[in-house]
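What follows is a single structure, written as structure tokens, with notes after it.
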Amino acid sequence: MRPATRLVRFEAAPGDPWRPLSTPIYQTAAFEQESATEFGAYDYTRSGNPTRHVLERELAALEDGAHAVAFTSGMAALSAVTRLAARGRIVAGLDLYGGTHRLLAHVCEPLGIEVERVDLADALASARALARRTDLVLVESPSNPLLGVVDVRALAELCRAHGALLCVDGSLCPPAYQQPLALGADLVVHSATKYLCGHGDVTAGVVSTRSRPLFERLAFTQNAEGAGLAPFECWLLLRGLKTLPLRFTAQQRHARHLARFLAAHPLVTRVHYPGLVTHPGHALHRAQSSGDGAVLSFETGDVEFSRRLVEALELFSIAVSFGSVHSQATLPCHMSHRSIPARERHGLPPDLVRLSVGIEDLRDLRADLEQALLCRPAEQETIGVRGP
Ligand SMILES: *Cc1c(COP(=O)(O)O)cnc(C)c1O
């Protein structure tokens, strides 16, 4: 079955005699046991729940035969992955989600994990970093918010040669459109809060792997730390997943159009979107993925103009997160990536605007951007008609 079919045609309620088409929400903390000495399939929801297992099976199938573990958020998923490098060394990409930076710098490092940040799109720099014994390599492709692309296949080979695990955070490109495990990665993380849910009403995260031992260690952490996704959120995610291809196709079509519109606009100095032929990672991204996504970012050369533009938008809500049916705009340096000190932002432009494009009518979205861009750069204000 292809993903669009698989996402709606799956066994919704294994073992249920009434054969519901929608997975029941097993809203229970504990399950009664047949005997006092042996456990059945489920005993306690922190350790396992049928609604969560249906979701995890679906998520695993999307990554092509892997195991999947569902967590309470993308950060909980990433945190469980960093446990695999306990007392060891992590090499992470430069362009990273702000929360991931915070986890590495303020949780992992104080716990004694050595963290090195490296441009993993640079083969030489990656090889140099991996020449030292490394447990885990963590990279986003495309990255948030600069939409940088790394060669996952080449990086996976390098990691294998040095005995390091490769984890790709693919939150910006959902599993039906990019399968890092098939490209050689050991682990894939998604913030399911984004495209997988698609409606902005759940925070969730998932780690997928083809390795049984890695799966067992992650499932152990999920249970030991109590970070398993609750049954109702699992149900919402299962519901959202059914329309992933429909949503993603529409959102991506809109994003491609708006990226081209912005690239041609005289007040926009640079657009970052892997679907544009001018994007440095365009060919590579197309070679390892079948989706450009619906997140794009752009620069104006003027922080104050970027701020006013985002505030002038009416349809694009000023809100962090992305991948929802609802269009959203942020200033990453001031919002999602604020927790990263300025000196560690690795070239993140302060005037960067990030858009997540939704499923509204494209004409309305474009008109909204057009009207917002009319709020001119700050220095022109002083010579404006409504001067002091
Ligand atoms: C949002 C995001 C996360 C964190 O996910 P949450 O569900 O918000 O915890 C991790 N990585 C990337 C790339 C993200 O965009």
Side-chain angles (χ1 to χ4, degrees), residues 55 59 68-82 90 92-108 117 120 136-150 152 167-175 177-178 180 185 187-208 222 225 227-230 233-234 236-237 240-241 248 251 255 272 274 285 289 291 293-297 319-324 326 328-333 335-340 345-346 348 352 354-357:
L55 171 69
L59 293 168
V69 190
F71 291 89
T72 50
S73 68
M75 288 323 304
L78 280 163
S79 176
V81 167
T82 62
I90 297 178
L94 286 188
D95 190 26
L96 280 186
Y97 173 65
T100 308
H101 172 89
R102 181 171 47 211
L103 173 73
L104 294 174
H106 301 294
V107 179
C108 294
R117 302 284 297 276
L120 293 170
L136 176 71
V137 174
L138 180 60
V139 71
E140 295 179 11
S141 190
S143 64
N144 178 8
L146 286 173
L147 289 306
V149 178
V150 298
V152 176
C167 176
V168 176
D169 180 338
S171 299
L172 275 103
C173 192
Y177 302 88
Q178 176 173 277
L187 303 143
V188 180
V189 168
H190 285 277
S191 166
T193 313
K194 316 290 168 54
Y195 289 112
L196 298 180
C197 162
H199 295 73
D201 47 16
V202 166
T203 69
V206 58
V207 189
S208 305
Q222 180 198 47
E225 298 190 339
L229 193 62
E233 334 294 289
C234 291
L236 279 170
L237 204 47
L241 274 172
F248 192 74
Q251 287 174 252
H272 306 267
H285 184 66
S289 151
V295 176
L296 59 99
S297 56
V320 295
S321 196
F322 60 82
S324 161
H326 185 226
Q328 294 172 201
T330 65
L331 291 176
C333 268
M335 299 173 71
S336 54
H337 292 64
R338 188 187 202 138
S339 63
I340 309 179
R345 283 194 188 135
H346 300 293
L348 194 62
L352 192 74
R354 189 187 76 191
L355 299 181
S356 171
V357 185

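Below, each value reflects all heavy atoms present in this structure, side chains not excepted, and no hydrogens, waters or symmetry copies. None of the values given here were measured: they were computed from a predicted structure. Remember, it's 1-based here, ligands and their atoms both numbered in the order they're listed.
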Problem - Side-chain touch Cys108/Leu103, heavy atoms, less than 4.5 angstrom - result: yes
Practice task
Would you give the length of the straight line joining atom CG of Leu237 to atom OG1 of Thr203, rounded to the nearest 0.5 angstrom?
Solution key: 10.0 Å
Exercise for the section: Please verify whether a non-hydrogen atom of Leu96 lies at under 4.0 Å from ligand 1. Expected result: no
Problem - For atom 5 (O) of ligand 1, closest protein heavy-atom neighbour - result: Ser191 OG, 3.0 Å
Practice task
Compare all side-chain heavy atoms of Arg354 with those of Asn144 and state whether any distance is below 4.5 angstrom.
Solution key: yes
Practice task
Would you mind running through ligand 1 and noting each atom that sits below 4.0 Å from a heavy atom of Leu78?
Solution key: 10 (C)
Handout entry: Protein contact to atom 11 (N) of ligand 1 [nearest heavy atom, distance to 0.1 Å]
Key = Asp169 OD2, 2.6 Å
Fill in the blank from the handout: Tested for side-chain contact (heavy atoms from CB on, under 4.5 Å) against Lys194, the lone hit among Ser321, Pro174, Ser324 is Ser321
Exercise for the section: Using a 4.5 Å cut-off on heavy atoms from C-beta on, say whether the side chain of Asp169 contacts that of His190. Expected result: no
Practice task
Please tell me if the side chains of Phe322 and Thr330 come closer than 4.5 Å, counting only heavy atoms from C-beta onward.
Solution key: no
Handout entry: Asp95 side chain reached by Glu140 side chain, heavy atoms, under 4.5 Å
Key = no
Fill in the blank from the handout: So the atoms of ligand 1 within less than 4.0 Å of a heavy atom of Glu140 turn out to be 13 (C)
Fill in the blank from the handout: Counting from 1 in the order shown, the ligand 1 atoms closer than 4.0 Å to a non-hydrogen atom of Ser171 are 11 (N), 12 (C), 13 (C)
Exercise for the section: Determine, using heavy atoms of Ala192 and all atoms of ligand 1, whether some pair is separated by less than 4.0 Å. Expected result: no
Practice task
Check Val206, Leu138, Val81, Val168 against Val189 for a side-chain contact (heavy atoms from CB on, under 4.5 Å) and give me the one that passes.
Solution key: Val81
Problem - For atom 1 (C) of ligand 1, closest protein heavy-atom neighbour - result: Lys194 NZ, 1.5 Å
Practice task
Please state which part of Ala204 comes within less than 4.0 Å of ligand 1, counting heavy atoms only: side chain, backbone, both or neither.
Solution key: backbone
Handout entry: Validation row: Thr82, Val107 side chains within 4.5 angstrom (heavy atoms)
Key = no
Fill in the blank from the handout: shortest atom 6 (P) of ligand 1-to-protein heavy-atom contact is with Gly74 N, 3.3 Å
Exercise for the section: May I ask you to identify, for Thr203, whether its side chain, its backbone, both or neither come under 4.0 Å of ligand 1 on a heavy-atom basis? Expected result: neither
Handout entry: atom 7 (O) of ligand 1: nearest protein contact (heavy atom, Å)
Key = Thr193 OG1, 2.6 Å
Completion exercise
With heavy atoms and a 4.0 Å threshold, my read on which part of Val189 contacts ligand 1 is neither
Exercise for the section: Find the distance between OG (Ser79) and CZ (Phe71) and round it off to the nearest 0.5 Å. Expected result: 8.5 Å
Practice task
Go through ligand 1 atom by atom and flag the ones less than 4.0 Å from a non-hydrogen atom of Ser73.
Solution key: 7 (O), 9 (O)
Fill in the blank from the handout: The closest protein heavy-atom partner of atom 4 (C) of ligand 1 is Tyr97 CE2, 3.5 Å
Exercise for the section: Can you sort out which atoms of ligand 1 are near Phe322, meaning under 4.0 Å from one of its heavy atoms? Expected result: 15 (O)
